[in-house]
Amino acid sequence: MKKKILVTGGTGYIGSHTTVELIENGFEVVIIDNLYNSEADVIDRIQKITGIKPSLEVFDLCNSEKLDVFCRKNRDIAAVIHFAAYKAVGESVNKPLDYYRNNLLSLVNLLDAMKKNGIPNLVFSSSCTVYGQPEKLPVTENSPLQPATSPYGNTKQVGEAIIRDTTVSDKNIKAISLRYFNPIGAHPSSLIGELPRGVPENLVPYITQTAYGLREELKVFGDDYNTPDGSCVRDYLHVVDLAKAHVVAVKRLIDENNKTNYEVFNLGTGIGVSVLEAIKSFEKVTGIKVKYKIVARRAGDIEKIWADPSYANKELGWKTLSTLDESMKTAWEWEKKVRSK
């Protein structure tokens, strides 16, 4: 019998790719999503890729009553992967209360429902933003957590603390926090990918939309950072590689291979790439010149960060496979396909 996995935010960018990987690994997937930043037809596209249509319940996790009803009906859920959260650093600076309410209340409600209904395992979508601006690079799982530079980053720090405290108080709950660096790219089928509503907050969809002509020019926030070319440095990993890590984490919890009730892993390539280098990579693989303008630094941005992924490589047997150029190519193929409809 297939193990049932609940994916919250499963029609979103990372959630949809993870759903595909779960189905292809023999899991049954049920999704809760309020469609705040995604579309319901993603379910149909997942079916085209996998041959299986996951079930979708449309409601907000901040509604504890609906969540309790759902979990009572689905007490056979073996694990939850929790993606459902607002995720834009810049927006969080302008709308902090929205971020604290949505990201933290939904998590508390979810853990409460898991406890009430005997659902034992949680994989949490965390972020490298918990490290703030690290004093030492690359970042390991033991790097000290610096004060968050944005409300978004703070919700991930507090979210991890809530989960850790819950696993200490209730030994029936086990959890893994996956600290992502910067996911980019799209599924090789070009059927699912990153499709933000409104003006993109993340670099790569802004690059692809500018290249396609939807945006007049790309804004590069600052060229005066202490980096080789003055632009911010990040660790960009392909979203499919990231999705595969969630399958490994779920299996680790279900098979009870976890070392403690609460574990943390960095998910990245281990390579720091500047914003300007990322633009050059896109231009190289597509042959399209991207129009961009250097503007002032953006509130909440950190200067540079990249992962030391060796612990995840060793413990999870997981590593990134796609290059930056390959990721950019899939992002562009997705952009062209989604705009041609």
For Arg252 and Phe265: C-alpha separation, side-chain torsions, deciding distance, then whether side-chain contact (heavy atoms from CB on, under 4.5 Å) applies.
CA-CA 12 Å; Arg252 183 178 178 89; Phe265 296 97; 4.0 Å; yes
Counting heavy atoms not belonging to [X], are there more than 12 under 6.0 Å from its [atom1]?
X      : atom1 : answer
Tyr292 : OH    : no
Lys304 : NZ    : yes
Lys329 : NZ    : no

Among [options], side chain to side chain contact (heavy atoms under 4.5 Å, CB included) partner for [X]:
X      : options                        : value
His187 : Thr330, Ile49, Ile46, Val239   : Ile49
Leu324 : Thr269, Ile271, Ile184, Val285 : Ile184
Ser274 : Thr227, Val233, Asp223         : Val233
Leu67  : Asp60, Leu61, Thr8             : Leu61

Check whether the side chains of [X] and [Y] place a donor and an acceptor atom closer than 3.5 Å, and report yes or no.
X      : Y      : answer
Glu333 : Ser190 : no
Asn261 : Lys171 : no
Asn257 : Lys251 : no
Ser126 : Ser177 : no
Glu91  : Tyr152 : no
Asp325 : Ser281 : yes

Determine yes or no for a side-chain-to-main-chain donor-acceptor pair under 3.5 angstrom, with [X] supplying the side chain and [Y] the backbone.
X      : Y      : result
Glu57  : Phe70  : no
Asp235 : Gly270 : yes
Asp170 : Thr166 : no
Lys156 : Ala148 : no

For residues 103-113, which residue pairs pass the side-chain hydrogen bond (donor to acceptor under 3.5 Å, both in side chains) check, not counting sequence neighbours?
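Residue pairs passing side-chain hydrogen bond (donor to acceptor under 3.5 Å, both in side chains), neighbours aside: Asn103-Thr155.
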How close do [X] and [Y] get, counting heavy atoms only, and between which atoms?
X      : Y      : answer
Ile176 : Ala249 : CD1-O, 3.7 Å
Gly268 : Thr320 : O-CG2, 3.7 Å
Gly9   : Ala84  : N-CB, 3.8 Å

Check whether the ring centres of [X] and [Y] lie less than 6.0 Å apart, and answer yes or no.
X      : Y      : result
Tyr36  : Tyr86  : yes
Tyr180 : His246 : yes
Phe282 : Trp332 : yes

Answer yes if Ile119 and Leu111 sit in the same cluster of Ile, Leu, Val, Met, Phe, Trp and Tyr residues linked by side chain heavy atoms under 4.5 Å apart, and no otherwise.
yes
Would Tyr131 and Asn266 satisfy side-chain hydrogen bond (donor to acceptor under 3.5 Å, both in side chains), going step by step from the backbone distance to the final call?
CA-CA 11 Å; Tyr131 296 112; Asn266 285 341; 2.7 Å; yes
